[in-house]
Amino acid sequence: MANGKGKVSVATILTTERQINFLLKLFNIKSQLKNAQTFKGVYFALAILVCWFTSLFLLLTWQFEWTNPLVYLMIFVQMHLYTGLFITAHDAMHGTISSNRKLNNFFGYLSVFLYAGFFYNKLYDKHHNHHNHVHTEKDPDFAPHGFWKWYLSFMLNYVNVVQLIIVAIAFNILNIWVEEKNLLIFWVAPSLLSTFQLFYFGTYVPHKGEHDNEYHASTLNKNHFVAFITCYFFGYHLEHHQKPATPWWQLYKTKA
């Protein structure tokens, strides 16, 4: 407290930068604030998972009519959410969901398994081979072909018999409670369509042809709405290769 003669009080001294830094270090506040920021990745991962599950649950229980145009709109909405599942797993592969490795990998395993019975550890290795050997024979995502042949090569490189068995079992179990038409339209179709979305906007367009950069990648013109709708900003693909540790929800900030 001030003593009435204008002398500096103890409280004032404690507000100096050195003392504040000492207190922050003493109580580990800086570390806590830093860790709080990492939870943003968890929030976004949870948001996509919750939206995907909620939408799927409602659609699988929907007694719809084929003449209802909303049916066809919801196929594409669900497709986009399926793509979000894969993008969430992709962020986990780059360690951007959480600084806690177990938590980060949990979201990776969960998201990619829900997507189509994939195994995260297998995709992890292949994806990092893509980044380390982009546009070469060692790149599992690259094939020097046109769209359809490249897409087929892409799918065959990732889909396996075990995964197909898992999906088939899941389909038949769900079919006990869910009508087959709902499963085909809102579970199977959106997942398949999302593979085209991921491949076209996240692989084919950015990596086709020759490029004048070390990442052999192009990028969309700056339009954040289009970039999000098409593939969660991964049309900004050159920027992703330049800064792979940037999560999808911050990728737009890297666009010049």
Side-chain angles (χ1 to χ4, degrees), residues 36-94 96-98 100 102-120 123 163-164 166-202 224-235 247-252:
Q37 294 300 312
T38 68
F39 281 106
K40 287 186 178 180
V42 174
Y43 298 150
F44 276 96
L46 283 173
I48 289 178
L49 284 163
V50 169
C51 287
W52 172 83
F53 178 81
T54 303
S55 175
L56 182 62
F57 177 80
L58 294 174
L59 291 173
L60 292 183
T61 57
W62 184 19
Q63 299 298 316
F64 66 89
E65 298 293 335
W66 292 104
T67 54
N68 187 344
L70 188 59
V71 170
Y72 308 98
L73 173 63
M74 290 310 299
I75 291 173
F76 286 97
V77 170
Q78 194 63 16
M79 174 195 75
H80 195 62
L81 291 173
Y82 262 102
T83 298
L85 284 182
F86 197 91
I87 294 298
T88 298
H90 171 270
D91 269 10
M93 294 174 199
H94 289 289
T96 60
I97 291 180
S98 173
N100 183 310
K102 290 184 178 179
L103 182 61
N104 180 82
N105 290 347
F106 167 77
F107 280 105
Y109 276 99
L110 178 63
S111 298
V112 85
F113 190 80
L114 290 175
Y115 178 79
F118 284 114
F119 291 97
Y120 174 76
L123 296 188
Q163 180 209 354
L164 294 176
I166 290 172
V167 172
I169 292 173
F171 181 92
N172 283 280
I173 292 175
L174 288 171
N175 197 206
I176 297 173
W177 302 283
V178 180
E179 288 192 35
E180 188 172 280
K181 68 174 184 178
N182 291 66
L183 281 173
L184 292 173
I185 294 300
F186 299 124
W187 189 61
V188 176
S191 179
L192 288 174
L193 288 171
S194 75
T195 66
F196 284 100
Q197 183 180 8
L198 285 162
F199 173 73
Y200 184 78
F201 293 105
H224 297 332
F225 176 76
V226 171
F228 172 74
I229 291 298
T230 52
C231 199
Y232 292 79
F233 302 115
F234 274 88
W248 73 263
W249 46 275
Q250 289 189 327
L251 193 54
Y252 73 95

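Residue numbers run from 1 in the order of the sequence given. Just the heavy atoms: all of them, side chains too, but no hydrogens, waters or symmetry mates, feed the values below.
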Any donor-acceptor pair under 3.5 Å from T61 side chain to L58 backbone: yes

Between the side chain of T96 and the main-chain N/O of D91, is any donor-acceptor distance below 3.5 Å? yes

Only counting residues at least two apart or in another chain, list the ones meeting side chain to side chain contact (heavy atoms under 4.5 Å, CB included) with [X].
{"X": "N104", "answer": "A92, I97, S98, Y120"}
{"X": "L164", "answer": "V159"}
{"X": "F53", "answer": "none"}

With sequence neighbours excluded, residues passing ring-ring contact (aromatic ring centres under 6.0 Å, His included) with Y252: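 With neighbours one apart ignored, the set is H224, F233.
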
Who passes ring-ring contact (aromatic ring centres under 6.0 Å, His included) against F44, sequence neighbours left out?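 Partners of F44 under the ring-ring contact (aromatic ring centres under 6.0 Å, His included) test: W248, W249.
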
Set of side-chain hydrogen bond (donor to acceptor under 3.5 Å, both in side chains) partners for T195, sequence neighbours left out: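 T195 satisfies side-chain hydrogen bond (donor to acceptor under 3.5 Å, both in side chains) with Y151 once adjacent residues are dropped.
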
Under the side-chain hydrogen bond (donor to acceptor under 3.5 Å, both in side chains) test, which residues partner T83, sequence neighbours left out? Q197

Side-chain atoms of residues 181-192: list all donor-acceptor pairs with protein atoms under 3.5 Å, sequence neighbours left out, distances to 0.1 Å.
{"unit_1": "K181", "atom_1": "NZ", "unit_2": "F64", "atom_2": "O", "d": "3.4"}
{"unit_1": "N182", "atom_1": "ND2", "unit_2": "L59", "atom_2": "O", "d": "2.9"}
{"unit_1": "N182", "atom_1": "ND2", "unit_2": "L60", "atom_2": "O", "d": "3.4"}
{"unit_1": "N182", "atom_1": "ND2", "unit_2": "W62", "atom_2": "O", "d": "2.9"}
{"unit_1": "W187", "atom_1": "NE1", "unit_2": "Y82", "atom_2": "OH", "d": "3.3"}
{"unit_1": "S191", "atom_1": "OG", "unit_2": "Y115", "atom_2": "O", "d": "3.4"}

For the student: nearest non-hydrogen atoms of A89 and V112, plus distance: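 Reported closest heavy-atom pair: CB-CB, 3.8 Å.
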
At their closest point, which heavy atom of F201 faces which heavy atom of C231, and how far apart are they?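 Nearest pair, atom of F201 first, then C231: CB-CB, 3.7 Å.
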
Can you tell me how far the OH atom of Y200 sits from the OG1 atom of T230, to the nearest 0.5 Å? 10.0 Å

Check whether more than 12 heavy atoms from other residues, nucleotides or ligands sit under 6.0 Å from atom [atom1] of [X], and answer yes or no.
{"X": "F228", "atom1": "CZ", "result": "yes"}
{"X": "F199", "atom1": "CZ", "result": "yes"}
{"X": "F225", "atom1": "CZ", "result": "no"}

Is the shortest heavy-atom distance from the side chain of F107 to the side chain of I48 under 4.5 Å? no

Side-chain donor-acceptor distances from residues 171-180 under 3.5 Å, at least two apart:
{"unit_1": "N172", "atom_1": "ND2", "unit_2": "A168", "atom_2": "O", "d": "2.7"}
{"unit_1": "N175", "atom_1": "ND2", "unit_2": "V178", "atom_2": "O", "d": "2.9"}

Where at least one partner belongs to residues 44-55, residue pairs that pass side-chain hydrogen bond (donor to acceptor under 3.5 Å, both in side chains), sequence neighbours excluded: S55-Q78

Going through the distances and angles, do H90 and F234 end up as a ring pair (Phe, Tyr, Trp, His ring centres under 6.0 Å)? CA-CA 11 Å; H90 171 270; F234 274 88; 4.7 Å; yes

Step by step, would you call L85 with L81 a side-chain contact (heavy atoms from CB on, under 4.5 Å)? CA-CA 6 Å; L85 284 182; L81 291 173; over 6 Å; no

